[in-house]
Amino acid sequence: MEGGVSFWPALMLSSILGWVVASSSFDLTRRVRALTQPWVTRRVLADTPSILRVQVNPKDVLDFLSLYRENFGIFGSLVDSQQRFHHGFLDNMFSVLSCVVSVPFYTGFLPILFWSGHSKLARQMTLLMAFCDYIGNSIKDVVSAPRPSCPSVRRVTATEDEKENAMEYGLPSSHCLNTVCLSGYMLHYVLGHYPQRDGIDIAIWFGLVFLFVMLIGVGRVYLGMHSLIDVVAGISFGLVIFAFWLMVHGYVDEFIISGQNVTYFWASLSLLLSFAYPNPELPTPSFEYHTAFNGVAFGIVTGIQQTYIHYHHDNVPRIFSPQLPVAVFLGRVLVGIPTILIVKFCSKAIAKWLLPIVCNTLGVPIVSSCYVPTLKGSDSKDKSDGKQSGYYLQKLVAVFPRKAYDVDTGIRFLQYAGLAWSVVDLVPSLFSHLNL
C-alpha cells in the first residue's frame, strides 16, 4: 500500500511534466486550435439567427418553462407573469441564475458548507470546481473560439463578474459545465447519505437537476453569452468530467486525509498546472480564474490534511443537529466571513512584498500586470555577479526558460491559498475557542 501511495502521485506529476514538455516542443496548442477553431467559429455564426429568435421572441423560452407547469407550480406563475413583463423578467431571472452558478457564488458558498459540518461534500466540491475550472478554461483558450457577435446579438451583463466572463472565449460554457458537475455531485452526495427515499422522490430530484441545467443552458443563450454549440459542449464535457470524478473521488479523498507527503505533492501539482495551461490566441481572464482556484485547492488540501482529525472527520456536528443549531451556525458565519476576508487581504499584502524579493534573490526576471506598480512594463533583472549568497539558488532555477514571469500569478495563488487555508484551519480553531 505504501508503494502505491508513492507511485501514483509520482506517476501523475511525471505525466503532467511530460505533457508540458511535449506540448511545448510540438506546439500542440496551435495545432489543435488550427483544427478546431474554424469549425467552431462557423457553428457560432450559424447559431446567431437562433439566438436572435430567442431574444426577440421569448415565447420559445416560455414554452420550455411551461413544460414543467403542471409538476412545478412556481413555473406556471412565472409564465403567466412573463406574458406581461417579457424581456425584463427573463433578463432578471437568467441573470440571477447565472450569478447562482458563478465562481464568486461558489467562493462564498463553499466556506459556509464547510462550517455547516458537511466537510466531505465541501472539500470534494471545491476540488471538483478547481478541476472543472482548469479543464473548461484550458479548452476555451486552446480553441479560442469567439462568443456570439455583439452588437448583432444582445448581450446582457448585469454584474461585473459577467462583464469579465464576456472577455473570455466561448466554447465550452463554463456555467453549464460547472452546473452539471456540481449539481450532479451534490445529488450524488444526498442520495448516498440519505438513501431512505422512494422512486418518486429520486425521480423528482433528478428532474429538478435536469431542469436546473437546462435553465442555465437556455439562459446563457438568451443572455447572448454563448451559442448553442458552447452550451452543448459545456454539458457534454461536464458529463464526462462528472463520470470521471465519481470514479476517482474516493481515492482523492483518502489520499488527502491519510496520504504521505500530501502538501509537497499538491504544491508540485499546483506549480506544474500553472505551466500546463495553454496560451490563448489573445489574453483573457481565464488563466487568472484557474490560478485563483488552483490556490484554493492547495489551501484546502493543506488545511484538511493538517486538521482532519480535529475539525473535518465524519462525526463532526452538522447543521440542524442538537450539537449545531441554526443560531450557533449563524454565529459561525458572522465570525468566519470577516476572518477569511482579513486573511485574504493580509495574504495578498504579504505576497506582494515577499514574492518580488524572492524572485530577485533567485534571479528570476519578473513583471507585474497589476499588483506591483513598480514592475509594470519592465523586467526585474538579476544583477548578481556570481559571488553573492543567492548564486547557488539561482543555479537551481536556471532550468526554467529565461523569460519574464508575471509575479501577479504567484500573488494571486498565495492570496487564495491563504483564504482557503483559513476556511478549514484558522476559522475552525476560532470556533473551537469560542465554543461555536
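Scored by the side chain to side chain contact (heavy atoms under 4.5 Å, CB included) test, Met12 finds Ile16, Phe265, Leu269 as partners (sequence neighbours excluded). With sequence neighbours left out, Lys348 forms a side chain to side chain contact (heavy atoms under 4.5 Å, CB included) with Lys352, Tyr371, Ile411, Gln415. A search for side chain to side chain contact (heavy atoms under 4.5 Å, CB included) contacts involving Ser25 returns Val21, not counting sequence neighbours. Taking the salt bridge (Lys or Arg N to Asp or Glu O under 4.0 Å) definition, one finds that Arg30 meets it with Asp27, sequence neighbours left out. A search for ring pair (Phe, Tyr, Trp, His ring centres under 6.0 Å) contacts involving His312 returns nothing, not counting sequence neighbours. Every residue meeting the side chain to side chain contact (heavy atoms under 4.5 Å, CB included) condition with Thr263, not counting sequence neighbours, appears here in chain and number order: Phe298, Thr302, Gln305.
Note on residues 335-355: no pairs pass ring-ring contact (aromatic ring centres under 6.0 Å, His included), not counting sequence neighbours. For residues 228-239, no residue pair satisfies the salt bridge (charged side-chain N to carboxylate O under 4.0 Å, His left out) rule, not counting sequence neighbours. Legend: salt bridge (charged side-chain N to carboxylate O under 4.0 Å, His left out) pairs involving residues 105-125, not counting sequence neighbours, sorted by first then second residue: Arg123-Asp253. Sorted by first and then second residue, the ring-ring contact (aromatic ring centres under 6.0 Å, His included) pairs involving residues 22-50 (not counting sequence neighbours) form an empty list. Legend: salt bridge (charged side-chain N to carboxylate O under 4.0 Å, His left out) pairs involving residues 207-229, not counting sequence neighbours, sorted by first then second residue: Glu162-Arg220.
Residues His310 and Gln306 approach most closely at CD2-O, 4.3 Å, considering heavy atoms. For the residue pair Val213 and Ser183, the shortest heavy atom distance occurs at CG2-OG, 4.1 Å. Nearest heavy atoms, Phe287 versus Ser274: CE1-O, 3.8 Å. Considering every non-hydrogen atom in both Ile229 and Asp47, the closest pair reads N-OD2, 3.2 Å. Contact detail for Pro317 and Leu324: the closest heavy-atom pair is O-CD2, 3.7 Å. In plain terms, the two heavy atoms of Pro285 and Glu168 that are nearest each other are CD-CG, 4.0 Å.
Counting only heavy atoms from C-beta outward, the side chains of Tyr308 and Ser119 never approach each other to under 4.5 Å. Put simply, the side chain of Leu211 reaches to within 4.5 Å of the side chain of Leu215, judged on heavy atoms. Between Tyr289 and Ser174 the shortest side-chain heavy-atom distance does not fall below 4.5 Å. Between Pro9 and Leu13 there is no side-chain heavy-atom pair separated by less than 4.5 Å. Side-chain contact check for Ser227 versus Arg147: every heavy-atom pair is 4.5 Å or farther apart. Side-chain contact check for Tyr277 versus Ser286: some heavy-atom pair is nearer than 4.5 Å.
When atom types are taken as modelled, the side chain of Asp141 and the backbone of Pro278 share no donor-acceptor pair closer than 3.5 angstrom. The backbone N or O of Val44 lies less than 3.5 Å from a partner atom in the side chain of Thr48, making a donor-acceptor pair. The backbone N or O of Val20 lies less than 3.5 Å from no partner atom in the side chain of Ser24, so there is not a single donor-acceptor pair. Panel note: side chain His175, backbone Gly217; no donor-acceptor pair is recorded below 3.5 Å. Judged by distance alone, with hydrogens and angles left aside, the side-chain atoms of Ser14 form no donor-acceptor pair with the main-chain N or O of Leu11 at under 3.5 Å. Within the 3.5 Å criterion, the main-chain N or O of Leu282 finds a donor-acceptor partner in the side chain of Tyr169. At least one donor-acceptor pair under 3.5 Å links the side chain of Thr307 to the backbone N or O of Val424. Not one N or O on the side chain of Arg412 forms a donor-acceptor pair closer than 3.5 Å with the backbone of Ala292. Side-chain N or O atoms of Ser144 include one that pairs as donor or acceptor with a backbone N or O of Glu281 at under 3.5 Å. At least one donor-acceptor pair closer than 3.5 Å links the side chain of Arg332 to the backbone N or O of Trp115.
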Step-by-step side-chain contact (heavy atoms from CB on, under 4.5 Å) determination, Thr179 to Cys176 | CA-CA 5 Å; Thr179 302; Cys176 293; 5.7 Å; no
For Leu419 and Val343, run side-chain contact (heavy atoms from CB on, under 4.5 Å): C-alpha distance rounded to whole Å, both residues' side-chain angles, the deciding distance at 0.1 Å, then the answer.
-> CA-CA 6 Å; Leu419 168 70; Val343 171; 5.6 Å; no
Given side-chain contact (heavy atoms from CB on, under 4.5 Å), test Leu208 with Phe212 step by step and report yes or no.
-> CA-CA 6 Å; Leu208 288 173; Phe212 186 52; over 6 Å; no
Step by step, work out the side-chain contact (heavy atoms from CB on, under 4.5 Å) result for Phe114 and Ile304.
-> CA-CA 11 Å; Phe114 272 108; Ile304 291 291; 4.1 Å; yes
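Between the CG atom in Leu414 and the OG1 atom in Thr291 there is a gap of 11.0 Å [rounded to 0.5 Å]. Taken to the nearest 0.5 Å, the CG atom of Leu191 stands 6.0 Å off from the CZ atom of Phe206. Separation of atoms OG1 (Thr126) and CG (Leu110) is listed at 4.0 Å; rounding is to 0.5 Å. Remark: Phe109 CZ to Ser116 OG distance equals 7.5 Å, nearest 0.5 Å. A distance of 7.0 Å separates CG in Asp314 from CD1 in Ile257, rounded to the nearest 0.5 Å. Rounded to the nearest 0.5 angstrom, Ile337 CD1 and Leu334 CG are separated by 9.0 Å.
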Got a list of side-chain donor-acceptor pairs under 3.5 Å for residues 235-251, not counting sequence neighbours?
| from | atom 1 | to | atom 2 | distance (Å) |
| --- | --- | --- | --- | --- |
| Ser236 | OG | Val232 | O | 2.8 |
| Trp245 | NE1 | Gln124 | OE1 | 3.0 |
| His249 | ND1 | Tyr185 | OH | 3.2 |

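Exactly one residue among Ile139, Asn137, Asp133 makes a side-chain contact (heavy atoms from CB on, under 4.5 Å) with Ile135. That residue is Ile139. With His290 as the fixed residue, the ring-ring contact (aromatic ring centres under 6.0 Å, His included) test singles out one of Phe131, Tyr134, Tyr416: Tyr134.
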